Protein chains: 2
Amino acid sequence: MQKKTFSDIDCAIAQTLEQIGDGWTLLILRNAFHRMRHFDQFQENLGIPTNTLSNRLKKLTDSGILERRACAHDRRAYEYRLTDKGLDLYPIIVTLFQWGERWYSRPNGPRMELKEKATGLPIPEVKVRNQDGNPLSARDVQVIIGPGGGEDATNLVKFQKKTA
Amino acid sequence: MQKKTFSDIDCAIAQTLEQIGDGWTLLILRNAFHRMRHFDQFQENLGIPTNTLSNRLKKLTDSGILERRACAHDRRAYEYRLTDKGLDLYPIIVTLFQWGERWYSRPNGPRMELKEKATGLPIPEVKVRNQDGNPLSARDVQVIIGPGGGEDATNLVKFQKKTA
DNA sequence: TTAATTAGCTTGCATTATGCAAGTCAATTT
DNA sequence: AAATTGACTTGCATAATGCAAGCTAATTAA
């Protein structure tokens with residue numbers, strides 16, 4: 001039995017999923033966006049087993065999504081912080097959140113609300129939009145093979161044409 | 001050993017991850033957005049074990065993300081199609097794709113490109129934006145507890161304030 | 001009109017990964 | 001000096017995964 005790796009699927013989504021395509025990993029990242037930084041904080045808040053947490057944090061630091069740095073005030077302690085690469089995951093985290101709110105809402109309303117710090121105005125839903133800013137559905141968009149597209153990409157795109 | 005369920009974490013992201021927080025599941029969905037519909041097509045394209053595929057498709061249909069319907073022309077065959085709930089995952093799929101392209105790009109350029117069907121113009125990157133359409137980073141956004149927020153949400157939001 | 005082939009699965013088994021509890025170890029606190 | 005804390009490891013039972021093979025009804029080929 002081989003370990004599954006999505007890395008050899010030559011598709012950007014597969015690459016992403018190889019790094020963060022796992023429930024615990026994404027919950028850790030969610031907490032990191034809430035400025036959580038310490039091992040025991042993640043453990044307590046998520047109820048994740050410590051060995052699993054350790055593995056996930058290691059993988060996230062290895063892939064440059066989190067950075068592990070020693071704390072100045074306590075030499076036992078380490079901080080896990082989002083790198084630029086990690087911060088760049090923000091749209092993914094927000095879209096996961098918004099879909100969950102849309103389809104698994106609480107009767108009283110949203111569990112959390114996002115506001116722009118500068119103005120206090122609510123953040124509109126993140127959508128795929130055209131250049132004019134109008135929202136598009138999946139069926140308003142066509143996928144074409146790009147210059148870096150290999151066999152896997154070609155297969156999928158071809159596939160789409162079959163039925164389009 | 002109990003099965004892990006994220007459902008009891010009262011957070012929209014955890015709810016989402018309970019349904020689609022898994023690598024194979026997201027790859028199946030990616031393919032579904034490319035209009036892939038049949039068991040053997042998923043199997044062949046992804047190289048996923050058939051029992052795993054079967055489980056994932058069952059879960060996705062149970063949660064109303066895919067719909068399993070008999071085919072008219074062949075009574076052995078079934079089609080798995082995205083429901084409205086499934087189509088609504090589009091921003092998640094696109095953000096996963098775009099992050100992968102940004103951080104795991106091919107030397108020649110993007111593997112795929114998205115264009116608006118109506119105009120042929122490229123789709124701009126999906127970002128979190130304010131009401132004026134200007135992109136925001138995670139640190140430009142503040143999270144406040146909403147009316148449906150319970151203990152879990154409160155803990156996380158409080159947490160954020162600690163360091164903010 | 002019998003014989004392949006196909007679509008969509010199940011089943012069995014070996015191997016990994018996960019969840020849980022307990023333990024380690026150095027650095028703080030009490 | 002003793003207790004506690006932060007960040008982990010280790011061991012073990014259980015669950016999930018990967019792989020191959022088989023199964024069944026429907027369709028196509030000979």
Side-chain angles (χ1 to χ4, degrees), chain A residues 1-9 14 17-28 31-32 36-62 66-81 159 162-163, chain B residues 1-9 14 17-28 31-32 36-62 66-81 159 162-163:
Chain A
M1 184 167 146
Q2 304 228 55
K3 67 161 189 176
K4 70 168 175 181
T5 174
F6 297 135
S7 291
D8 12 309
I9 303 180
L17 293 176
E18 179 67 28
Q19 308 307 319
I20 61 160
D22 162 84
W24 284 128
T25 299
L26 282 160
L27 286 174
I28 290 166
N31 284 19
M36 192 173 281
R37 294 186 189 160
H38 290 278
F39 192 97
D40 288 5
Q41 297 173 329
F42 289 111
Q43 201 288 312
E44 196 204 326
N45 181 271
L46 296 173
I48 179 177
T50 53
N51 50 355
T52 304
L53 176 56
S54 180
N55 291 338
R56 294 297 187 283
L57 289 173
K58 213 159 285 164
K59 187 169 179 191
L60 285 168
T61 54
D62 284 351
L66 293 178
E67 181 192 7
R68 181 180 185 268
R69 58 160 76 156
C71 290
H73 61 287
D74 186 337
R75 281 192 300 171
R76 290 169 301 177
Y78 292 90
E79 276 189 346
Y80 291 92
R81 275 171 184 264
F159 207 93
K162 243 193 260 183
T163 358
Chain B
M1 184 165 145
Q2 303 226 55
K3 67 162 188 175
K4 70 169 176 180
T5 173
F6 298 133
S7 290
D8 14 310
I9 303 180
L17 293 177
E18 181 65 30
Q19 309 307 321
I20 60 159
D22 164 82
W24 285 127
T25 299
L26 283 160
L27 285 175
I28 290 165
N31 284 19
M36 191 173 281
R37 295 187 225 223
H38 290 279
F39 193 97
D40 289 4
Q41 296 173 330
F42 290 112
Q43 201 288 313
E44 195 204 326
N45 182 271
L46 295 173
I48 179 176
T50 54
N51 50 355
T52 304
L53 176 57
S54 181
N55 291 338
R56 293 297 186 283
L57 289 172
K58 213 160 286 162
K59 188 168 181 193
L60 285 168
T61 55
D62 285 350
L66 293 178
E67 183 191 9
R68 180 180 186 268
R69 57 160 73 157
C71 290
H73 61 287
D74 185 337
R75 282 191 302 170
R76 290 169 301 177
Y78 292 91
E79 274 189 348
Y80 292 92
R81 272 172 186 265
F159 207 92
K162 240 193 264 183
T163 357

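Since the structure is predicted, the reported quantities are computational estimates derived from the model, not experimental observations. Here is how names work: the chains are called A, B, and so on, in the same order as the sequence lines, proteins then strands, and each is numbered from 1.
Between D/dA16 and B/Trp24, no contact under 4.0 Å exists linking OP1 or OP2 to a side-chain N or O. Contact between the side-chain N/O atoms of A/Arg68 and the OP1/OP2 oxygens of D/dG6 is not found at any separation under 4.0 Å. In this structure, A/Arg75 reaches the C/dT28 phosphate: one of its side-chain N or O atoms is under 4.0 Å from OP1 or OP2. For the OP1/OP2 pair of C/dA7 and a distance below 4.0 Å, the side-chain nitrogens and oxygens of B/Tyr80 include no atom meeting the criterion. The phosphate of C/dC20 has neither OP1 nor OP2 within less than 4.0 Å of any side-chain N or O from B/Lys4. Contact annotation: B/Lys58 side-chain N/O to C/dT10 OP1/OP2 distance is under 4.0 Å. In this model, the phosphate group of D/dA7 is not approached by any side-chain N or O of A/Ser54 to a distance below 4.0 Å at OP1 or OP2.
Place A/His73 and B/Asn51 on DNA chain C by their nearest nucleotides, and B/Asn51 ends up nearer the 5' end. Each of A/Cys71 and A/Thr5 was assigned the nucleotide of DNA chain D with the nearest heavy atom; the assignment lying further toward the 5' end belongs to A/Cys71. Heavy-atom distances to DNA chain C give each of A/Pro49 and B/Leu57 a nearest nucleotide, and the one nearer the 5′ end belongs to B/Leu57.
The CD-P distance, from B/Gln41 to C/dA7, rounds to 9 Å in whole Å. Here D/dG18 presents its P atom at 12 Å from CD of B/Gln43, a figure rounded to the nearest Å. A/Arg37 has its CZ atom 17 Å from the C1' atom of D/dA7, to the nearest Å. Residue A/Phe42 contributes atom CZ, which lies 17 Å from atom P of C/dG19 at whole-angstrom precision. Distance, B/Glu44 CD to C/dA7 P: 10 Å, rounded to whole Å. Counting to the nearest Å, the C1' atom of C/dC9 and the CG atom of B/Leu53 are 9 Å from each other. Across the protein-nucleic acid pair, B/Ile48 atom CD1 and D/dC19 atom P stand 11 Å apart, rounded to whole Å. At whole-Å resolution of the value, CZ in B/Phe6 and P in C/dT18 are 10 Å apart.
Between B/Arg56 and B/Asp22, some side-chain heavy-atom pair lies under the 4.5 Å cut-off.
Proximity of a side-chain donor or acceptor of A/His38 to a complementary backbone N or O of A/Glu79 within less than 3.5 Å is not detected. Judged by distance alone, with hydrogens and angles left aside, the side-chain atoms of B/Glu67 form no donor-acceptor pair with the main-chain N or O of B/Arg81 at under 3.5 Å. B/Gln43 places a side-chain N or O within 3.5 Å of a backbone atom of B/Ile48 that can act as its donor or acceptor partner.
The residue B/Tyr78 sits close only to the backbone: its heavy atoms come under 4.0 Å of sugar-phosphate atoms, none of a base.
On a pure distance criterion of 3.5 Å, no polar donor-acceptor pair joins the side chain of B/Asp74 and the base of C/dG8.
A side chain to side chain contact (heavy atoms under 4.5 Å, CB included) with A/Phe42 is found for exactly one of A/Asn31, A/Thr50, A/Leu27, namely A/Asn31.
Of all nucleotides listed (C/dT10, C/dA22, D/dA7), D/dA7 comes nearest to the side chain of A/His38.
Side-chain contact of A/Tyr80 with A/Arg68: a donor-acceptor pair under 3.5 Å is present, judged by distance alone.
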